[in-house]
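Computed from a predicted structure; not experimentally measured. In what follows, chains carry the letters A, B, and so on, assigned in the order in which the sequence lines appear, proteins first and then strands, with residues in each chain numbered from 1.
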2 protein chains.
Amino acid sequence: MNLTVTEENYIKSIFHLQQAEGNVSTNELAASLHTKPASVTDMLKKLTNKNLLNYIPYQGVRLTKDGKKQALMIVRKHRLWEFFLVDKLQFGWDEVHEVAEELEHVSSKKLVEKLDSFLGHPKFDPHGDPIPDIHGNMVAVRQFNLIDIKPGTLVEVCSVGSQSAELLELLRHKNIGISTEMLIMKKFEFDHSVEIKIKNSQHINISQQLAQALFVKLV
Amino acid sequence: MNLTVTEENYIKSIFHLQQAEGNVSTNELAASLHTKPASVTDMLKKLTNKNLLNYIPYQGVRLTKDGKKQALMIVRKHRLWEFFLVDKLQFGWDEVHEVAEELEHVSSKKLVEKLDSFLGHPKFDPHGDPIPDIHGNMVAVRQFNLIDIKPGTLVEVCSVGSQSAELLELLRHKNIGISTEMLIMKKFEFDHSVEIKIKNSQHINISQQLAQALFVKLV
DNA sequence: TAAATTATTTAGATTTGTCTAAAAATAATT
DNA sequence: AATTATTTTTAGACAAATCTAAATAATTTA
């Protein structure tokens with residue numbers, strides 16, 4: 001099934017909205033897509049005919065199994081490209097969203113899988129959101145980038161940004177691994193480094209680069 | 001000036017066609033874009049209004065200075081993405097065109113420049129076509145990938161695929177540089193390596209990887 | 001529960017890029 | 001030069017995605 005860019009954007013918005021609430025209303029969708037409710041109604045009918053939505057007039061809408069799969073593949077592409085932009089092209093994590101909105105609509109499946117390999121099969125995008133794998137599976141817990149955590153917070157390492165040898169070497173050296181608990185002590189404006197304390201251990205300093213590669217959950 | 005994907009494709013086709021001949025005819029364009037002459041006429045008027053074309057009814061069309069600049073930026077993007085796909089994602093050079101046709105329409109200027117840096121400012125795409133720089137300048141001579149040259153041909157090295165340290169080391173070791181003349185002796189099916197002879201020197205063997213990174217002109 | 005408000009859908013119009021069929025201009029041929 | 005053939009343009013229609021305005025359904029409030 002081949003979707004237009006517009007159809008893909010509808011599917012993606014419905015996916016994100018139905019995560020938060022149950023059924024998605026016409027008005028919500030219109031707001032999220034910066035369009036008018038009347039336009040939404042038209043598109044809902046169209047996507048229903050393509051078996052991507054369950055839509056009952058006046059009752060809101062949910063994705064079908066098929067629709068959800070399509071959505072997950074778009075989200076996968078979006079987040080892989082975001083990772084690429086930050087990790088390889090040195091974009092700031094706060095400036096990649098717009099660009100990824102365009103890249104996510106490039107259709108080649110081979111491209112997505114080769115990109116995934118090239119990036120080292122990352123599990124999280126630069127905002128800490130999980131990247132669905134080729135089957136649409138992804139980690140459920142909301143994760144945060146270490147660099148965004150406020151001092152005084154106790155967190156646990158869930159995942160690292162990639163599997164590169166250089167990153168793993170540094171983590172081993174600092175004795176940091178999956179499920180390591182750490183208390184965020186202080187953040188330094190000058191170099192965006194972070195001082196942390198690991199249980200039964202001394203204070204250590206984490207560089208900006210490393211902090212951006214560490215994903216944690218609140219504990 | 002913001003162009004739609006369709007408009008960009010028209011501009012790009014006109015650019016390529018007017019390289020070969022002088023004025024570009026409605027029929028040629030229709031054939032090249034897989035559309036009908038009547039549709040072309042409509043679009044020519046539209047692009048003329050945007051000052052991208054000089055169009056006189058029944059006389060064919062040429063790009064204005066502005067139109068040419070737009071075309072060069074699209075070609076730049078197309079060829080940079082092709083280079084990326086082959087060099088970083090391990091696509092075959094014969095399967096990248098379709099994908100690049102989509103990627104070339106991603107609009108972020110910052111993306112293009114960061115990609116160019118990431119790739120090491122390559123001068124030629126995987127087919128040997130020159131990549132315009134940010135000002136639209138590019139090498140004029142048609143160049144070929146060493147791997148595509150027939151045995152018995154005398155060629156001269158014009159450029160190398162990238163500026164990576166590893167590549168430069170190997171070239172130094174083999175005594176190959178810009179303007180080195182070499183005679184193509186034999187090509188081996190098994191590993192796609194190429195045997196060459198450099199003037200006043202012995203026969204040496206060039207691996208497939210290296211051959212793909214060498215761009216030559218006929219001499 | 002009846003009226004008022006809000007949400008959603010329908011009806012009809014618009015824009016973009018395309019098409020077919022017919023007319024007009026240009027080029028080729030006899 | 002006159003006719004024929006080709007190329008190009010015009011005219012009118014269509015599909016996709018959108019809009020505004022009006023109608024209808026659902027919900028809230030008095």
Side-chain angles (χ1 to χ4, degrees), chain A residues 1-15 17-18 20-63 67 70-71 74 101-102 104-105 107, chain B residues 1-15 17-18 20-63 67 70-71 74 101-102 104-105 107:
Chain A
M1 167 114 38
N2 270 346
L3 302 180
T4 65
V5 169
T6 310
E7 289 171 331
E8 286 195 347
N9 283 331
Y10 270 85
I11 294 291
K12 193 179 49 150
S13 275
I14 295 166
F15 175 80
L17 289 170
Q18 81 176 26
E21 325 166 39
N23 276 27
V24 180
S25 75
T26 305
N27 261 2
E28 281 176 296
L29 253 177
S32 141
L33 290 160
H34 305 108
T35 180
K36 295 293 146 72
S39 312
V40 172
T41 302
D42 286 347
M43 185 59 92
L44 293 184
K45 287 182 194 161
K46 197 176 155 201
L47 293 174
T48 301
N49 282 337
K50 294 195 176 190
N51 278 309
L52 297 167
L53 302 179
N54 290 316
Y55 160 65
I56 309 158
Y58 296 101
Q59 298 278 109
V61 82
R62 306 218 76 199
L63 293 172
Q70 296 273 359
I74 302 165
E101 289 282 303
E102 290 190 63
E104 73 189 2
H105 301 295
S107 61
Chain B
M1 168 115 38
N2 271 345
L3 301 180
T4 66
V5 169
T6 311
E7 289 170 333
E8 287 194 348
N9 283 331
Y10 271 86
I11 294 291
K12 193 178 48 149
S13 274
I14 295 166
F15 175 80
L17 290 169
Q18 82 175 27
E21 324 164 41
N23 277 26
V24 180
S25 75
T26 305
N27 260 3
E28 282 176 296
L29 254 177
S32 141
L33 290 160
H34 305 107
T35 181
K36 296 292 146 77
S39 312
V40 172
T41 302
D42 287 347
M43 185 58 92
L44 293 185
K45 288 180 194 163
K46 198 175 152 201
L47 293 174
T48 301
N49 282 338
K50 294 194 175 190
N51 278 309
L52 297 167
L53 303 179
N54 290 316
Y55 161 65
I56 307 158
Y58 296 101
Q59 299 278 111
V61 81
R62 306 217 77 199
L63 293 172
Q70 297 273 358
I74 302 165
E101 289 282 303
E102 291 190 62
E104 73 190 3
H105 300 296
S107 60

Worksheet entry | 4.5 Å side-chain heavy-atom contact, A/L52 and A/I14 | no
Practice prompt. Check every strand shown and say whether B/T26 touches a base, only sugar-phosphate, or nothing at a heavy-atom separation below 4.0 Å.
Written response: sugar-phosphate
Item to complete: Specify the residue among A/Q59 and A/E7 whose closest nucleotide of DNA chain D lies further upstream toward the 5′ end.
Response: A/E7
Fill in: Rounded distance in Å - CG (B/L44) to C1' (D/dT8)
10 Å
Worksheet item: Touch check for A/T6, heavy atoms < 4.0 angstrom, all strands: base, sugar-phosphate only, or nothing?
Response: sugar-phosphate
Discussion item. Side chain of A/Y58 only, heavy atoms from C-beta on: which candidate in D/dA26, C/dT10, C/dC19 is closest?
Written reply: D/dA26
Worksheet, complete the sentence: The nucleotide from D/dC19, D/dT8, C/dT20 with an atom nearest the side chain of A/K36 is D/dC19
Fill in: Spacing of A/N2 atom CG relative to D/dA16 atom C1', expressed in whole Å
16 Å
Practice prompt. Quickly work out the A/L47 CG to D/dA16 C1' distance and round it to whole Å.
Written response: 12 Å
Discussion item. D/dT9, OP1 or OP2 - any side-chain N/O from B/Y55 closer than 4.0 Å?
Written reply: yes
Discussion item. Using whole Å, what does the distance between atom P of nucleotide C/dT8 and atom CD of A/E28 come to?
Written reply: 8 Å
Worksheet item: Considering only heavy atoms from C-beta outward, does the side chain of B/L47 approach that of B/V61 to under 4.5 Å?
Response: no
Discussion item. How many whole angstroms separate atom CD1 of B/I56 from atom P of D/dT9?
Written reply: 11 Å
Discussion item. For C/dT30, give the paired nucleotide (Watson-Crick: N1-N3 plus N6-O4 or O6-N4; G-U: N1-O2 and O6-N3; both under 3.5 Å), or none.
Written reply: D/dA1
Item to complete: May I ask you to evaluate whether B/N27 reaches the phosphate of D/dT8, defined as a side-chain N or O under 4.0 Å from OP1 or OP2?
Response: yes
Worksheet item: Any side-chain heavy atom of A/M43 sitting closer than 4.5 Å to one from A/V40?
Response: no
Discussion item. Without decimals, in angstroms, what is the distance between B/H34 NE2 and C/dT18 P?
Written reply: 13 Å
Item to complete: Could you state the atom-to-atom distance from CE of A/M43 to P of C/dT8 in whole Å?
Response: 18 Å
Discussion item. At 4.0 Å (heavy atoms only), tell me whether A/T41 reaches a base, stays on the sugar-phosphate, or touches nothing.
Written reply: base
Practice prompt. Can you measure from OH (A/Y55) to OG1 (A/T41) and round to the nearest 0.5 angstrom?
Written response: 5.0 Å
Worksheet item: Of all the choices, D/dT18, C/dC19, D/dT8, which nucleotide is nearest to the side chain of A/T35 once you look at every atom?
Response: D/dT18
Worksheet entry | Pairwise 5' ranking along DNA chain D for A/A38 and B/P57, keeping only the more 5' one | B/P57
Practice prompt. Would you indicate what B/P37 reaches in the nucleic acid, counting non-hydrogen atoms under 4.0 angstrom: base, sugar-phosphate, or nothing?
Written response: base
Item to complete: Quick one: pull up NE2 in A/H105 and CD in B/E102 and give me the separation to the nearest 0.5 Å.
Response: 11.5 Å
Worksheet item: Which whole-number value in Å describes the distance from B/D42 CG to D/dG12 C1'?
Response: 11 Å
Discussion item. Show the nearest heavy-atom pair for residues B/K50 and B/N2, with the distance to one decimal.
Written reply: NZ-O, 4.0 Å
Worksheet item: Between C/dT18, D/dT18, D/dT9, which one does the side chain of A/Y10 approach most closely?
Response: D/dT18
